[in-house]
Amino acid sequence: GPSTAPLAWYFLGRAYQLDYRFDDAVEAYRHFSGTADKKTLDAHPVEALQQQCRNAKFLLANIKDIDVLNKVEVDAADFFRFYDLGNIGGKIVVTPDELLTPYDRKSGERFLTYLPDGGGPVYFSSYGKNGATGRDIYRCDLLPSSTFSTPVRLAGYVNTDQDEDYAVMGQDRKTFYFCSKGHNSMGGYDVFKCA
């Protein structure tokens, strides 16, 4: 009703979204947008959340059955150590410190990078100088001197104003895998590939 606090609509929308009730979530976000003041709206932006709901409805209409091969519970800080990487031609390591910006270090977050066997371009995630577009995918080369070339933010379709991370170039050197909270994500990180 009219006496409902605007933030209640926001959190109701989040609850509906997490429960896959996407139409109800969009409606709750609409109520929130129509009743909250500018400060509250700025602190709890819903445009991306509403888009995630629309994306989810489309994606779930085309869902495929998946088979779970294995389930294991591990500490969040060590999850990357539990991937079976025997067939991907490389290894996942903590991102070398020289590739992190001062903003990355200040964030206190963990940064992981895929290092291909036999050299080649290295793709990694960084906030850049100020984090204006979240985490983005950067590219550099490991030089013969065991130092890295100057990182360059990937141009084109990969990076969005949301976070991108966990980039891997396939062994065919053509197929690029990455995770993003943007594009047509339904919330959190989804895996994408491009060629």
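We count residues from 1, following the sequence as given. Every value quoted in this text rests on a predicted model; they were computed, and no experiment measured them.
- Under a 4.5 Å side-chain heavy-atom criterion applied to ILVMFWY residues, the cluster that includes L18 comprises that residue alone.
- With sequence neighbours left out, T35 forms a side chain to side chain donor-acceptor pair (under 3.5 Å) with no residue at all.
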- [ ] I would like to know whether L7 and H44 meet side-chain contact (heavy atoms from CB on, under 4.5 Å); could you show each step before the answer?
- [x] CA-CA 9 Å; L7 264 180; H44 298 84; 3.7 Å; yes

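- Within the 4.5 Å cutoff, side-chain heavy atoms of V94 are placed close to those of R110.
- Taking all atoms of both residues into account, the shortest heavy-atom contact from N159 to L154 is ND2-O, 3.1 Å.
- Residues meeting the side chain to side chain contact (heavy atoms under 4.5 Å, CB included) test with R105, sequence neighbours left out: D97, L100, P102.
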Open item on the list: One pair to check against side-chain contact (heavy atoms from CB on, under 4.5 Å): C140 and L99. What are the steps and the verdict?
Closed with: CA-CA 9 Å; C140 68; L99 295 180; 3.8 Å; yes

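- In this structure, V26 shares a hydrophobic cluster with no other residue, the cluster being traced through Ile, Leu, Val, Met, Phe, Trp and Tyr side chains under 4.5 angstrom apart.
- Residue pairs meeting the salt bridge (Lys or Arg N to Asp or Glu O under 4.0 Å) criterion with at least one partner in residues 43-53, sequence neighbours excluded, are absent.
- Distance check: Q17 CD to D24 CG gives 12.0 Å after rounding to the nearest 0.5 Å.
- Here the CG-CG distance, from D163 to D136, works out to 8.0 Å after rounding to the nearest 0.5 Å.
- Between D23 and E27, every side-chain heavy-atom pair lies at or beyond the 4.5 Å cut-off.
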TODO: Report the C-alpha separation of Y103 and S126 in whole Å, then their side-chain angles, then the decisive distance to 0.1 Å, and conclude whether the side-chain contact (heavy atoms from CB on, under 4.5 Å) test is met.
DONE: CA-CA 9 Å; Y103 194 97; S126 170; over 6 Å; no

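- For T113 (side chain) and F124 (main-chain N/O), no donor-acceptor pair under 3.5 Å exists by modelled atom type.
- The minimum heavy-atom distance linking Q50 with R30 is given by the pair NE2-N, 4.0 Å.
- L115 approaches V93 most closely through the heavy-atom pair CD1-CG2, 3.7 Å.
- T133 and D161 share no side-chain donor-acceptor pair at under 3.5 Å.
- Nearest heavy-atom pair, C53 versus Y29, reported as atom, atom and distance to 0.1 Å: SG-CE1, 4.2 Å.
- Two residues are said to be in side-chain contact when any heavy atoms from C-beta on lie closer than 4.5 Å; S33 and V46 meet this criterion.
- Y127 and F111 have perpendicular rings, their planes meeting at more than 60° on a 0 to 90° scale where under 30° would count as parallel.
- Exactly one of F148, Y138, Y166, F176 qualifies for a ring-ring contact (aromatic ring centres under 6.0 Å, His included) with Y123. That residue is F176.
- Closest non-hydrogen pair, S125 versus E164, comes out as OG-O, 2.8 Å.
- Between E109 and R135, the shortest heavy-atom contact is OE1-NH1, 2.7 Å.
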TODO: Applying side-chain contact (heavy atoms from CB on, under 4.5 Å), run through T40 and Y10 and close with a yes or a no.
DONE: CA-CA 10 Å; T40 306; Y10 174 83; over 6 Å; no

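- Counted by atom type alone, D104 and S107 present zero donor-acceptor pairs between their side chains at under 3.5 Å.
- Looking at residues two or more places apart in sequence or on another chain, you find no side chain to side chain donor-acceptor pair (under 3.5 Å) involving N130.
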